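One structure is given here, and the rest of the page talks about it.
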Amino acid sequence: MNGTELKLEPDSRYRLVAGDLVISNPMKAKDSGSYQCVASNSRGTVVSREASLRFGFLQEFSAEERDPVKITEGWGVMFTCSPPPHYPGKGLSYRWLLNEFPNFIPADGRRFISQTTGNLYIAKTEASDLGNYSCFATSHIDFITKSVFSKFSRLSLAAEDSRQFPPSIKARFPADTYALTGQVVTLECFAFGNPVPRIKWRKLDGPQSSKWIGSEPLLQIQHAGFEDEGTYECEAENAKGKDTHQGRIIIHAQPDWLDVISDTEADIGSDLRWSCVASGKPRPTVRWLRDGQPLTSQNRIEVSGGELRFSKLVLEDSGMYQCVAENKHGTVYASAELTVQALAPDFRLNPVKRLIPAARSGKVIIPCQPRAAPKATVLWTKGTELLVNSSRVTITADGTLILQNISKSDEGKYTCFAENFMGKANSTGILSVRDATKITLAPSSADINVGENLTLQCHASHDPTMDLTFTWSLDDFPIDFDKSEGHYRRASAKEAIGDLSISNAQLRHSGRYTCTAQTVVDSASESATLTVRGPPGPPGGVVVRDIGDTSVQLSWSRGFDNHSPIARYLIEARTLLSNQWKQMRTNPVNIEGNAETAQVVNLIPWMDYEFRVLASNILGIGEPSLPSSKIRTKEAAPTVAPSGLGGGGGAPNELIITWTPTLRDYQNGDGFGYIVSFRRKGSQAWLRARVPHAESLHFVYRNESIAPYTPFEVKIKAYNRKGEGPESLTAIVYSAEEEPKAAPYRVIAKSVLSSEMDVSWEPVEQGEMTGVLLGYEIRYWKDGDKEEAADRVRTAGLVTSAHVTGLNPNTDYHVSVRAYNRAGTGPPSPATNVTTTRPPPKRPPGNISWSFSGSTVSIKWDPVVAKADESAVTGYKMLYRQDSHSAPTLYLASKSQIDIPIPEDFTHAFVQIRVTGPGGDGTPAEVHILRNSGTSMMVEDSGTRPAPHVVVVTTNSLLLVALVSSLEL
């Protein structure tokens with residue numbers, strides 16, 4: 001702890017549990033500090049990185065009363081939080097109470113609570129802001145939270161100041177904001193003003209990052225990196241002006257290893273160089289430890305920053321080493337073991353190969369690699385002959401024996417002798433000479449197009465006592481047939497044939513192909529070049545310059561033509577509003593294949609663009625270049641008038657003008673808004689109004705002199721800080737309507753059925769309308785009820801009649817009619833009276849019978865007599881249907897009998913009979929008629945809905961008739 005070893009005694013507060021340090025009853029005064037773990041064994045010692053133990057706290061707010069605040073209503077105000085002492089420094093979150101807990105103030109655009117200082121800002125005070133304010137601070141440490149709140153400060157408001165004034169930024173982010181890579185960076189910006197200002201953010205020296213999360217007063221950058229460094233500006237703007245504030249974000253980084261040491265075995269007496277390299281900002285310093293203790297330059301050891309050098313290693317240099325990289329943001333450790341060895345030569349792990357095959361006229365390499373420390377001196381013998389370097393014999397510095405131009409006479413025993421001051425050893429192998437391998441049919445160079453197929457031939461001869469294998473490489477890289485996605489395969493299974501088949505050739509398959517025929521003793525190779533022609537590769541280095549409002553100059557470097565001359569170039573672009581690439585118009589229109597620059601025209605002013613270039617040849621269009629850096633074209637005055645001009649409606653004495661908000665594509669610059677011009681139709685002077693903000697979609701003009709439904713000529717144009725755009729065509733918009741002043745007249749109501757009536761009227765005169773007539777409203781209510789309880793039916797358009805249903809039978813009704821428009825309904829017509837008819841008889845026809853006569857069926861039934869509370873019977877309706885799938889036929893009868901023609905093949909029919917009269921149609925009776933050689937009769941009174949009856953009458957055959965109600969059927 002703090003560099004001093006802790007005494008882990010049995011009765012102390014410190015205990016060691018499997019390497020963990022457990023502190024009982026931790027105390028701030030005794031236990032705050034830095035801790036390191038030290039691990040040791042017989043090979044050495046290492047120390048861990050430091051861990052800091054700190055104790056969090058949050059004290060109470062000051063008990064002193066807070067001064068009241070008095071401000072003019074409409075002005076901005078700030079309440080200072082002044083949080084109490086606390087740890088950690090950034091561990092608090094802030095809220096504000098209004099009058100009592102838990103009435104927390106929301107951050108709604110007009111009010112803002114800084115999470116840096118805790119201060120409360122109100123951009124424009126209102127009457128509802130009157131009250132007592134208290135700062136509420138909460139500390140978050142792991143899973144523990146604690147909250148405290150300040151004394152209340154009272155806000156009182158003086159008489160309202162209705163004047164508008166420009167923004168003034170009050171909550172400012174620092175001139176320099178420091179952050180570590182990977183952290184979330186938050187900038188705050190809030191302004192006073194009337195109207196309440198809107199906040200915009202921009203980066204002045206680079207493009208906006210996709211990691212931005214902007215929410216008016218706050219700018220958050222997630223997982224900040226070095227690319228986020230730069231100068232940032234917040235802009236507060238309202239209708240009266242703007243204010244700006246700038247500051248820098250500076251990104252630092254904790255140390256991170258780029259190159260570290262690793263466990264090393266080194267020979268005694270040799271030299272060793274270790275290196276540790278770390279990144280970080282500020283640049284980290286590097287120090288070294290040996291067995292947990294600081295290591296400095298001494299005798300044979302040189303320490304120079306991240307480098308450690310040993311001269312003539314000794315056994316005592318063995319141990320555990322650590323390099324430590326640190327800056328003010330953190331520390332990283334890397335550990336490695338150094339083992340210094342002293343060994344006599346030993347061939348047990350790497351003996352000379354016992355049988356060494358070699359090809360006649362070829363070359364053989366025989367390694368001699370005994371384990372030895374220090375490095376052994378090596379001699380070679382053939383039999384009893386000592387070998388020395390000659391035109392055919394080479395002994396390398398590491399002891400490897402190389403024999404060239406081998407013949408049969410080179411066969412025999414070869415022995416490697418190794419010796420150092422620790423001892424000596426030897427190892428022997430036998431050399432056997434074989435026939436050489438030769439390529440008998442070599443591959444030939446070829447030239448093909450993308451997508452074509454090809455076979456490269458390769459045949460070889462070899463020593464028959466050995467196996468022969470073929471391998472292929474492309475530009476010296478072995479071809480992996482299993483990972484070739486089906487493009488490569490071996491064309492033959494014969495031992496001496498190694499042909500390579502290439503299917504659906506791609507550009508990447510161009511290059512130098514080498515066929516190698518190989519045995520265990522030698523190999524032979526032949527190469528051929530394959531050229532695959534295809535569409536051009538992507539151009540490089542796309543640069544944008546000479547940026548104007550509707551054009552830029554683009555330049556690029558020529559890409560690979562892929563063995564077919566480039567014919568022309570295409571330029572595509574995309575905006576931040578769409579990820580879709582679109583071909584752009586250029587100057588010249590057709591860009592020749594030898595060009596490396598062109599002008600892109602017809603761009604949208606004040607728009608962010610990325611550009612890419614594509615090359616084409618006779619084989620197609622190639623891959624696009626990487627996108628250019630993002631640029632923004634210069635601003636220009638609007639060139640398109642807003643669309644969708646219209647309006648109408650609203651309150652009395654109002655003219656409402658509406659339009660479709662202009663899309664970002666057509667705004668052409670910052671400070672975008674609308675200029676609305678209007679005048680009464682027939683007058684000379686135009687009135688103008690400026691409406692700021694691109695999102696605006698209406699303007700309301702209020703004047704007591706505006707009469708209802710007065711026509712106005714209206715036109716609109718857009719503006720930005722570069723100027724004004726063209727005006728739209730003139731549209732006619734009417735001022736707000738008033739309810740109709742006149743009532744319909746000659747209202748006539750006539751009962752049609754017991755529950756329905758027809759109503760007609762004379763229309764109101766158009767000259768008496770103060771708006772657009774939408775239709776008429778019919779109100780009807782029972783005699784004895786109030787008109788306020790009336791039911792209503794509305795018509796649409798200019799119709800002057802209506803059919804009303806759902807009435808009660810035999811009931812007196814009052815009926816009135818009103819005209820209506822968008823402003824409401826007009827005065828009622830004089831009420832007229834109508835009485836609905838009595839309902840039709842409930843009893844259906846009974847005793848239905850029928851008889852057949854040739855091509856006619858005669859149907860009879862008992863007459864239905866109406867009761868006193870029912871309407872009279874004026875006739876009967878019969879619905880006749882041949883079967884369940886055919887269309888029904890309606891027959892009318894004035895008496896209780898009807899004759900119906902039937903076809904010769906008639907077998908059965910469905911019949912439904914009901915009464916009819918002034919009250920409508922009555923309840924039906926239904927029968928199912930079956931035909932046979934005789935006649936039959938069936939009587940059924942379905943008025944009381946008895947259970948179904950079945951009557952069976954036997955003549956020459958069986959006739960079955962079932963009579964049921966319509967619901968039961």
Side-chain angles (χ1 to χ4, degrees), residues 344-372 375-420 423-443 457-473 476 478-479 490 492-500 514-527:
D346 186 352
F347 282 98
R348 285 177 294 181
L349 292 178
N350 293 303
V352 174
K353 193 174 180 181
R354 185 173 297 278
L355 180 60
I356 307 166
R360 183 178 281 108
S361 301
K363 179 174 73 171
V364 67
I365 298 174
I366 310 175
C368 180
Q369 298 174 330
R371 186 182 183 195
K375 182 180 177 181
T377 301
V378 173
L379 298 174
W380 279 93
T381 63
K382 178 191 175 188
T384 58
E385 176 189 358
L386 179 65
L387 298 177
V388 295
N389 287 335
S390 65
S391 60
R392 294 180 55 247
V393 178
T394 302
I395 301 174
T396 65
D398 65 355
T400 299
L401 174 63
I402 302 175
L403 302 178
Q404 302 191 58
N405 195 18
I406 292 174
S407 64
K408 198 69 174 177
S409 62
D410 291 321
E411 289 187 330
K413 291 184 178 181
Y414 289 80
T415 302
C416 173
F417 293 88
E419 181 178 2
N420 66 11
K424 61 180 66 177
N426 63 78
S427 181
T428 300
I430 299 174
L431 179 66
S432 174
V433 179
R434 312 289 176 88
D435 290 338
T437 303
K438 296 179 181 179
I439 299 293
T440 58
L441 179 59
Q457 294 180 311
C458 185
H459 299 183
S461 63
H462 65 293
D463 191 304
T465 64
M466 292 179 291
D467 292 332
L468 177 68
T469 58
F470 287 91
T471 60
W472 284 87
S473 63
D476 299 326
I479 294 175
R490 302 182 191 277
S492 176
K494 296 181 180 179
E495 183 181 13
I497 299 176
D499 295 351
L500 174 66
T514 301
C515 172
T516 301
Q518 189 169 10
T519 66
V520 294
V521 298
D522 70 338
S523 63
S525 299
E526 290 290 346
S527 299

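Hydrogens, waters and symmetry mates are skipped; everything else that's a heavy atom, side chains included, is used. Just so it is clear, the structure is predicted and the values come from calculations on it, not from any experiment.
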- Identify, with sequence neighbours excluded, every residue that meets side chain to side chain contact (heavy atoms under 4.5 Å, CB included) alongside Ala460. Ile439, Leu468, Phe470, Ala517
- Out of curiosity, Ile356 CD1 to Ser432 OG, how far, rounded to the nearest 0.5 Å? 10.0 Å
- Item | For Val520 against Pro357, the heavy-atom pair lying closest together | CG2-CG, 4.3 Å
- Thr400 versus Ile365, closest heavy-atom pair with distance: CG2-CG2, 3.4 Å
- Message: Testing the basics here: between Ala372 and Asn420, what is the closest heavy-atom pair and its distance to 0.1 Å?
- Response: CB-ND2, 3.8 Å
- Task: Indicate the atoms forming the closest heavy-atom contact of Ser525 with Thr514, along with that distance.
- Result: CB-CG2, 3.9 Å
- Message: If you define the side chain from C-beta out and look only at heavy atoms, does anything of Lys438 sit under 4.5 Å from Ser461?
- Response: yes
- Leu401 CG to Tyr414 OH distance, which is reported to the nearest 0.5 Å: 7.0 Å
- When every non-hydrogen atom of His462 is compared with those of Met466, the smallest separation belongs to CD2-O, 3.2 Å
- Query: About how many Å separate CD of Gln404 and CZ of Arg392, when rounded to the nearest 0.5 Å?
  - Reply: 9.0 Å
- Query: So, the side chain of Ser523 versus the backbone of Thr516: is there a donor-acceptor pair under 3.5 Å, distance only?
  - Reply: no
- Message: Under a 3.5 Å distance rule, please check whether Asp522 uses its side chain to pair with a backbone N or O of Thr437 as donor and acceptor.
- Response: yes
- Nearest 0.5 Å please: distance from the CD atom of Gln369 over to the OG atom of Ser427. 11.0 Å
- Query: Hey, what do you get for CD (Gln457) to CG (Asp499), rounding to the nearest 0.5 Å?
  - Reply: 5.0 Å
- Test item: Asn426 side-chain N/O and Cys416 main-chain N/O as donor-acceptor pair under 3.5 Å: no
- Query: Pairs in or reaching into residues 350-361: which pass side-chain hydrogen bond (donor to acceptor under 3.5 Å, both in side chains), with residues at least two apart or in two chains?
  - Reply: Arg360-Asp435
- Item | Close side-chain approach of Ile402 and Val364, heavy atoms under 4.5 Å | no
- Message: Atom CG of residue position Asn389 - does it have more than 12 heavy atoms of other residues, nucleotides or ligands inside 6.0 Å?
- Response: yes
- Do Pro345 and Phe417 have side-chain heavy atoms sitting under 4.5 Å apart? no
Which atom pairs, donor and acceptor, lie under 3.5 Å between side-chain atoms of residues 379-387 and protein residues at least two apart or in another chain?
| from | atom 1 | to | atom 2 | distance (Å) |
| --- | --- | --- | --- | --- |
| Trp380 | NE1 | Gly399 | O | 2.8 |
| Lys382 | NZ | Ser409 | O | 2.8 |

- Message: With a 3.5 Å distance limit and no angle check, can you tell me whether Glu411 reaches the backbone of Val433 through a side-chain donor-acceptor pair?
- Response: yes
- How long is the span from the CZ atom in Arg434 to the CG atom in Asp463, to the nearest 0.5 Å? 6.5 Å
- Message: Minimum heavy-atom separation for Leu431 and Ala358, please, with both atom names.
- Response: CD1-CB, 3.7 Å
